[in-house]
Amino acid sequence: MSRAVLCTLPLPAPAPERLAAAAEVRVLGHIPTEAELAAELAAGVDVLCAQLRDPVTTAVLDAGLPRLRAVSLFSVGYDNVDIAAATARRVVIGHTPGVLTDATADCALGLMIAAARRLCEGDAVTRAGGFHGIEPEFMLGLDLRDALLGVVGFGRIGQALARRALACGMRVAHSEHGGAPPPVDLDGRVTAMPLERLLGEADVVSLHVPLSDATRHLIDEAALRRMKPTAVLVNTARGAVVDERALVRALREGWIAAAGLDVYEDEPRLAPGLVECRNAVLAPHLGSATVRTRSTMAAMCADNAVAALQGRVPPHCVNPSAWAEGAPPPR
Ligand code: GLV
């Protein structure tokens with residue numbers, strides 16, 4: 001029996017070639033519902049190459065058994081996968097850590113500058129014929145130099161943003177929320193503070209925590225009300241870390257000055273009213289969207305899948321314990 005790989009969306013090069021050398025590959029071409037994905041896996045799939053919007057639930061994993069041995073994600077985040085259920089069923093989960101750190105930090109920096117300096121709002125004004133020449137008090141924004149950046153979640157991406165912010169002359173604090181101690185080059189240049197204090201003091205708050213039960217709506221109405229009315233919120237992590245309806249009120253009513261968003265609670269849908277908030281910069285989940293980064297992610301995704309097909313633990317595996325002592329799972 002030949003090995004079967006299902007990709008929900010087409011992957012960039014070099015993934016198609018690497019996968020085709022190891023298995024029969026089928027590409028669905030869209031993000032399936034839970035029932036559709038379950039039906040696809042029930043038809044017999046060894047490895048699912050999944051996107052971060054694919055619902056890899058207990059029901060989906062069960063439908064894939066006994067044949068499904070791995071899910072190889074084309075993302076670093078894996079909040080769409082029931083990891084405990086996968087581990088219990090000895091399905092290994094691959095992902096793409098490390099390679100999208102700089103691209104995502106660049107995106108966060110871009111959103112921070114665009115929101116703080118009202119660049120997208122200014123673009124809209126200019127296109128609408130509202131630019132009548134430079135005026136002393138027209139569209140003033142926030143200076144980044146000496147402003148305090150509060151990084152919530154001080155992992156790889158949060159640290160990469162901190163380096164960029166320091167180069168812009170910002171001061172940097174990070175919340176103690178689950179973060180690792182600062183690496184040597186940032187030691188002494190960043191301040192750790194509790195989240196509540198950081199929210200009250202930061203001029204820019206940038207979110208870099210994974211989505212989990214502990215971080216869902218971490219930035220809720222109370223957190224938004226704690227921020228300065230001049231502050232900017234940046235989110236390149238996961239939409240549901242923010243209560244998006246509360247954020248719309250915060251932007252409308254001036255609890256905060258602006259937001260730069262790359263992710264949304266219910267992608268691709270946006271909370272009612274968000275589109276009308278001119279003080280929000282809204283990017284369509286572009287954090288890792290560069291040619292080189294996506295190609296590197298595709299290679300990692302394929303390599304994780306091929307490893308599982310060949311009876312090896314994927315090199316970038318979220319739950320290696322699902323694969324007992326390096327031996328292929330019993331199938
Ligand atoms: C992007 O959001 C990712 O998790 O890779």
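Counting starts at 1 for both ligands and their atoms, following the listed order.
Interface of Gly77 with ligand 1, defined as ligand atoms under 4.0 Å from a residue heavy atom, comprises 3 (C), 4 (O). Under a 4.0 Å criterion applied to the non-hydrogen atoms of Leu52, ligand 1 contributes the atoms 1 (C), 2 (O), 3 (C), 4 (O). Ligand-side atoms of ligand 1 in range of Leu100: 5 (O), range being under 4.0 angstrom from any heavy atom.
Side chains of Gln51 and Thr8: a donor-acceptor N/O pair is absent below 3.5 angstrom, by distance only. Inspection of the Glu36 and His30 side chains reveals an N or O donor paired with an N or O acceptor under 3.5 Å. Checked by atom type, the side-chain pair Gln159/His208 shows no donor-acceptor distance below 3.5 Å.
Residue Arg238 places at least one N or O, backbone or side chain, under 3.5 Å from an N or O of ligand 1. Ligand 1 has a nitrogen or oxygen under 3.5 angstrom from a nitrogen or oxygen of His285. In terms of polar-atom proximity, Ala237 is not counted as a contact of ligand 1, lacking any N or O under 3.5 Å from an N or O of the ligand.
Within the 4.0 Å heavy-atom shell around ligand 1 one does not find His95.
A salt bridge is defined here as a Lys NZ or Arg NE, NH1 or NH2 lying under 4.0 Å from an Asp or Glu carboxylate O, and Arg69 with Asp46 fails to meet this definition. Look at Arg216 and Asp79 and you find no salt bridge, because none of the NZ, NE, NH1 or NH2 atoms lies under 4.0 Å from a carboxylate O.
Asp54 contributes no side-chain N or O that, together with a main-chain N or O of Val56, makes up a donor-acceptor pair within less than 3.5 Å.
From the protein, the heavy atom lying nearest to atom 5 (O) of ligand 1 is Val76 N, 2.8 Å.
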